[in-house]
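Report on the following structure.
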Protein chains: 2
Amino acid sequence: MMEKRTDAIYPGALPCACANLRRAARAVTQLYDQELRPTGLEPTQFTLLMALNATGEVTQGKLGQRLVIDSTTLTRSLAPLRARGWISSRRGQDRRERLWRLTSAGRRELERAQPYWERAQRRLRKALGQDEWSSLQEVLVRVTRATDEA
Amino acid sequence: MMEKRTDAIYPGALPCACANLRRAARAVTQLYDQELRPTGLEPTQFTLLMALNATGEVTQGKLGQRLVIDSTTLTRSLAPLRARGWISSRRGQDRRERLWRLTSAGRRELERAQPYWERAQRRLRKALGQDEWSSLQEVLVRVTRATDEA
DNA sequence: CCACTATAGATGTATATACATACATATGAG
DNA sequence: CTCATATGTATGTATATACATCTATAGTGG
């Protein structure tokens, strides 16, 4: 179990932007993971269900672009969700493509998990304050876009 | 290989702060990984060398607190660095503890890799602009701290 | 139609990461 | 001092993640 960090080293800025970002991602992932625990969903799995719910049927490649996940990584990340019947796929007109969509069981699962996710969101937003929360979201989108132009 | 995202879906904000953060971390990690490739170091490995250089000799637990990495995760993440002779460890007064430090070979390795890391830093800073770069670093530190209080 | 080349995804392999649990050592109540 | 409990790390197991490479399919110039 991760120890509370408060009483020892209070994480200061790291000189490396990548290290800073990864560290924050670990910290926040742990918070969301904790809240989502009762649902049995990993944060990543919840994100995939939510993304498919938002996009509707979408190819593996486009889903990867939206989430900045290598499309070959998705081959494996999506497999357990399919195994549980929450998503399904079919071949597209272009038979190389795989089109994914949420099943109705998947939609129900997403709805079941949503309150736990909302609790995580509220918990972080409250600890951060509304202003920081907003600027976090904005700067993250800009960073994500910037890497594409860099 | 990750595809350029520009010409298809331009990553918009995700409703989930955790998903946003993880996505940005993936994007930025790929940029740093690309620049660090010639050195043979993974971004995480570079971060560990840099952190040990900054702290001097430190226990595994404290190192984990600083980087928000579970200390048992470090058991495995540090192993390859020790195998290559860049770090070494000894037992502390408290014999349960393991104290880690950079070797002189490790310091040389860090110096060798530094220019590549700096290239990555410059590349991201340039794409982001100085203001966004600064606010990124600040908000990330606050988020990391907030999870400890949340 | 045919040979090239390009693209979508699958598979092999490796690192990063956490949690549950196990083990060794420390520490405090008596 | 001695036992009960707490703490630091190691190990078993699982997910997340990427890249290199492979295969199947698509698109293109002749």
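Heavy atoms only: backbone and side chains are in, while hydrogens, waters and symmetry mates are out. Naming: A, B, ... by sequence-line order, numbering from 1 per chain.
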How many Å lie between [atom1] on [X] and [atom2] on [N], as a whole number?
| X | N | atom1 | atom2 | answer |
| --- | --- | --- | --- | --- |
| A/R91 | D/dA24 | CZ | P | 11 Å |
| A/R23 | C/dA18 | CZ | C1' | 18 Å |
| A/L36 | C/dC19 | CG | P | 13 Å |
| A/L78 | C/dT11 | CG | P | 14 Å |
| B/D70 | D/dG12 | CG | C1' | 14 Å |
| A/Q34 | C/dC19 | CD | C1' | 12 Å |
| B/Y32 | D/dA18 | OH | C1' | 18 Å |

Of all pairs that satisfy salt bridge (charged side-chain N to carboxylate O under 4.0 Å, His left out), the ones with a partner from residues 74-92 of chain B, not counting sequence neighbours: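 Only B/E57-B/R90 qualify under salt bridge (charged side-chain N to carboxylate O under 4.0 Å, His left out).
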
Counterpart residues, side-chain contact (heavy atoms from CB on, under 4.5 Å), relative to [X] (two or more places apart):
| X | result |
| --- | --- |
| B/R95 | none |
| B/R96 | B/D94 |
| B/Q137 | A/A17, A/N20, B/W133 |
| B/S88 | B/R101, B/T103 |

Report the residues that fulfil side chain to side chain donor-acceptor pair (under 3.5 Å) with [X], sequence neighbours left out, ordered by chain and then residue number.
| X | result |
| --- | --- |
| A/R98 | A/S89 |
| B/Q93 | none |
| A/R125 | none |

Starting the side chain at C-beta, find the nucleotide from D/dT9, C/dA18, D/dA18 nearest to B/T75.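 Output: D/dT9.
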
Output the single nucleotide from C/dA10, C/dA18, C/dA20 whose closest atom is nearest the side chain of B/I69.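 Looking only at heavy atoms from C-beta outward on B/I69, the closest nucleotide is C/dA18.
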
Dump the pairs, protein N or O against N or O of nucleotides 12-16 of chain C, anything under 3.5 Å, distances to one decimal.
unit_1	atom_1	unit_2	atom_2	d
C/dG12	N7	A/R76	NH1	3.3
C/dG12	N7	A/R76	NH2	3.0
C/dG12	O6	A/R76	NH2	2.5
C/dT13	O4	A/R76	NH1	2.9
C/dA16	O3'	A/R22	NH2	3.1

A/T147 versus B/Q30, side-chain donor and acceptor atoms under 3.5 Å: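 No, no side-chain donor-acceptor pair sits under 3.5 Å.
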
Using only heavy-atom distances, determine whether the side chains of B/Q130 and B/S134 contain a donor-acceptor pair under 3.5 Å.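 B/S134 and B/Q130 do have a side-chain donor-acceptor pair below 3.5 Å.
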
With a 3.5 Å cut-off and sequence neighbours excluded, list the donor-acceptor pairs that the side chains of residues 43-56 of chain B form with protein atoms.
unit_1	atom_1	unit_2	atom_2	d
B/T44	OG1	A/R22	NH2	3.2
B/Q45	OE1	B/E42	N	3.3
B/T47	OG1	B/P43	O	3.0
B/T55	OG1	B/A51	O	3.2

Do any of residues 92-102 of chain A sit with a heavy atom less than 4.0 Å from DNA chain D, and if so which?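 Within this stretch, A/Q93, A/D94, A/R95, A/R96 sit under 4.0 Å of the strand.
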
Using a heavy-atom cut-off of 4.0 Å across all strands, would you classify B/T59 as base, sugar-phosphate, or nothing?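 Sugar-phosphate: the residue B/T59, judged by heavy atoms under 4.0 Å, touches backbone atoms but no base.
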
Quantify the bending of the helix from C/dC1-D/dG30 to C/dG30-D/dC1 as the angle between its end axes, each fitted on five pairs, to 10°.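 For the helix from C/dC1-D/dG30 to C/dG30-D/dC1, the axes at either end differ by 20°.
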
Measuring to OP1 and OP2 of C/dA10, would you say a side-chain N or O of A/Q60 lies under 4.0 angstrom away?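 Indeed, a polar side-chain atom of A/Q60 lies that close.
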
